[in-house]
There are 2 protein chains.
Amino acid sequence: MSARPRTTTRKKPTQARSQQTVDALLGATARVLKKDGYDRMSTNKVALAAGVSIGSLYQYFPSKEALVATLMERHVDEMDALFAQEAVRVADMPLAQAVRAIVLRTIEAHQIDPVLHRVFEQVPRIGRLQKFDEVQERARVLVFLYLSASKEKLRPKSLEVAADLVASTIEMVSHGAVLRHPERLRDGVLVDETVDLILRYLKA
Amino acid sequence: MSARPRTTTRKKPTQARSQQTVDALLGATARVLKKDGYDRMSTNKVALAAGVSIGSLYQYFPSKEALVATLMERHVDEMDALFAQEAVRVADMPLAQAVRAIVLRTIEAHQIDPVLHRVFEQVPRIGRLQKFDEVQERARVLVFLYLSASKEKLRPKSLEVAADLVASTIEMVSHGAVLRHPERLRDGVLVDETVDLILRYLKA
DNA sequence: TAAGGATGCGAGCTATCACTCACATTAGCA
DNA sequence: TGCTAATGTGAGTGATAGCTCGCATCCTTA
């Protein structure tokens, strides 16, 4: 009864001009996704928007989910790269500087493609699409590691809870600012307030 | 070309045993939604799960969206009621008590049906379904009003920004705690930390 | 320039979707 | 008890979804 939509594995995308096709498909996926959202997006629409036949789409992506997941992974990798990079830079900075640097980087990361980011949040957490949540998990770990390095200077007893609170707060502020109040990023007020919030909480 | 799925207005649900049908449908909607998510939920599945014919479903709900929106509005009203009630209780409490009371109430509100709440977050913001975001907007307003009443005692210059930060933080903590770390709610540690975070930020 | 693999195509398949409608059943009131 | 409005039914409709497959075209290599 209705076998799972099994799909054979697809060609590796990479050889000459086929990469163009794949890029066009991913670009179109992003556009359709942003316009229609996940459940109104269809693979036929994507192929049409990409100027590519539906057959070619399925040559490289075995399913709608795989198509969106690939795009999501690209997005997530971009964000992760920024975080990882900043984590290194920040490692031996004093707390106040470090917090500010991380807040700024997180905002930057959210500015990569805020609308697409928002769409991903509303995608069903199925199969590979679950990976979206892992960005925040990794960010939490980085914050935890940073805090652990200077735990004797910090007030909160539980670093797990503190790291969670701090990482989630930064994520929440960045997300909200970029999507709902971009004007608050012009002057530095929101950033200052956020840094303040976090420092007052952390410092002994 | 493909007229919008116009649907005639439906019977008012209320008269005798028909209310049972409506309740069964909304209950089934919640179950299917939680199991499958919005885009894999179908009206046929809901009718089946409710033990009601598909015809009856459309007698009371003109569309899939209306079905989900009705359920969402019920959920949102429940949460709003808790907030509004607490806002009154808290109005002339001192800051520390008030913050703690609000945090506790927000957690309580998120415990109404956390999984359903999560599903609503991932529903496309279309038509009546946009109303989901308004809960937080109303919560922000309540916090802003509370803070305005004692603004001379507070450190942050911008009450808009502060109220936003505070309301969003409380929402984020409650949401995360209920879904990802329910064990942290056993002892009061997370609540204490959150109250601390907010008070240190607000107090001069 | 011939051959063959890589790439591209799109009509069309099956399943499922949201939704309708002609009809059956029930319930309350005369 | 009989009549009528309210309620319930589910086979069926057209649309569209995800996805396949046989074939055309391009590109590389020899």
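Naming convention: chains lettered A, B, ... in sequence-line order (proteins, then strands); numbering from 1 in each chain.
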Rounded interatomic separation in angstrom, taking [atom1] from [X] and [atom2] from [N]:
X	N	atom1	atom2	value
A:Asp39	C:dT16	CG	C1'	14 Å
A:Leu25	C:dG8	CG	C1'	11 Å
B:Lys64	C:dC17	NZ	P	9 Å
A:Leu57	D:dA17	CG	P	13 Å
A:Arg40	C:dA18	CZ	P	11 Å
B:Leu67	C:dC19	CG	P	10 Å
A:Tyr60	D:dT20	OH	P	16 Å
B:Glu65	C:dC19	CD	C1'	15 Å

Got a sec, which pairs hit ring-ring contact (aromatic ring centres under 6.0 Å, His included) with one end in residues 168-189 of chain A, sequence neighbours left out?
A:His110-A:His175, A:His117-A:His175
Under 4.0 Å, heavy atom to any atom of DNA chain C: which of residues 122-130 of chain B qualify?
none
Show every salt bridge (charged side-chain N to carboxylate O under 4.0 Å, His left out) that has at least one partner inside residues 186-195 of chain B, sequence neighbours left out.
B:Arg100-B:Asp192
Pairs flagged by salt bridge (charged side-chain N to carboxylate O under 4.0 Å, His left out) wherever residues 46-69 of chain B is involved - sequence neighbours left out:
none
Rounded distance (nearest 0.5 Å) linking atom [atom1] of [X] with atom [atom2] of [Y]:
X	Y	atom1	atom2	answer
B:Asp23	B:Arg17	CG	CZ	14.5 Å
B:Ser42	B:Ile54	OG	CD1	7.5 Å
A:Glu73	A:Asp80	CD	CG	11.0 Å

Which nucleotide in [options] has an atom nearest any side-chain atom of [X]:
X	options	answer
A:Ser18	C:dT7, D:dG8, D:dC19	C:dT7
B:Gln59	D:dT9, C:dT7, C:dC19	D:dT9
A:Arg17	C:dT7, C:dA18, D:dG8	C:dT7

What do you reckon, is NZ of A:Lys157 surrounded by more than 12 foreign heavy atoms closer than 6.0 Å?
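Open.
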So does B:Lys151 have more than 12 non-hydrogen atoms from other groups sitting under 6.0 Å from NZ?
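At most 12 heavy atoms, drawn from other residues, nucleotides or ligands, come within 6.0 Å of this atom.
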Just to confirm, is there a sub-4.0 Å distance from OP1 or OP2 of D:dC19 to any side-chain nitrogen or oxygen of A:Tyr58?
yes
Residues of residues 43-55 of chain B with any non-hydrogen atom less than 4.0 angstrom from an atom of DNA chain D: list those, numerically ordered, please.
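The answer is B:Val52, B:Ser53, B:Ile54, B:Gly55.
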All salt bridge (Lys or Arg N to Asp or Glu O under 4.0 Å) counterparts of A:Asp39, not counting sequence neighbours:
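Scan of A:Asp39 (salt bridge (Lys or Arg N to Asp or Glu O under 4.0 Å), adjacent residues dropped) gives none.
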Return whichever of A:Tyr38 or A:Ser56 has its heavy-atom-nearest nucleotide of DNA chain D closer to the 5' end.
A:Tyr38
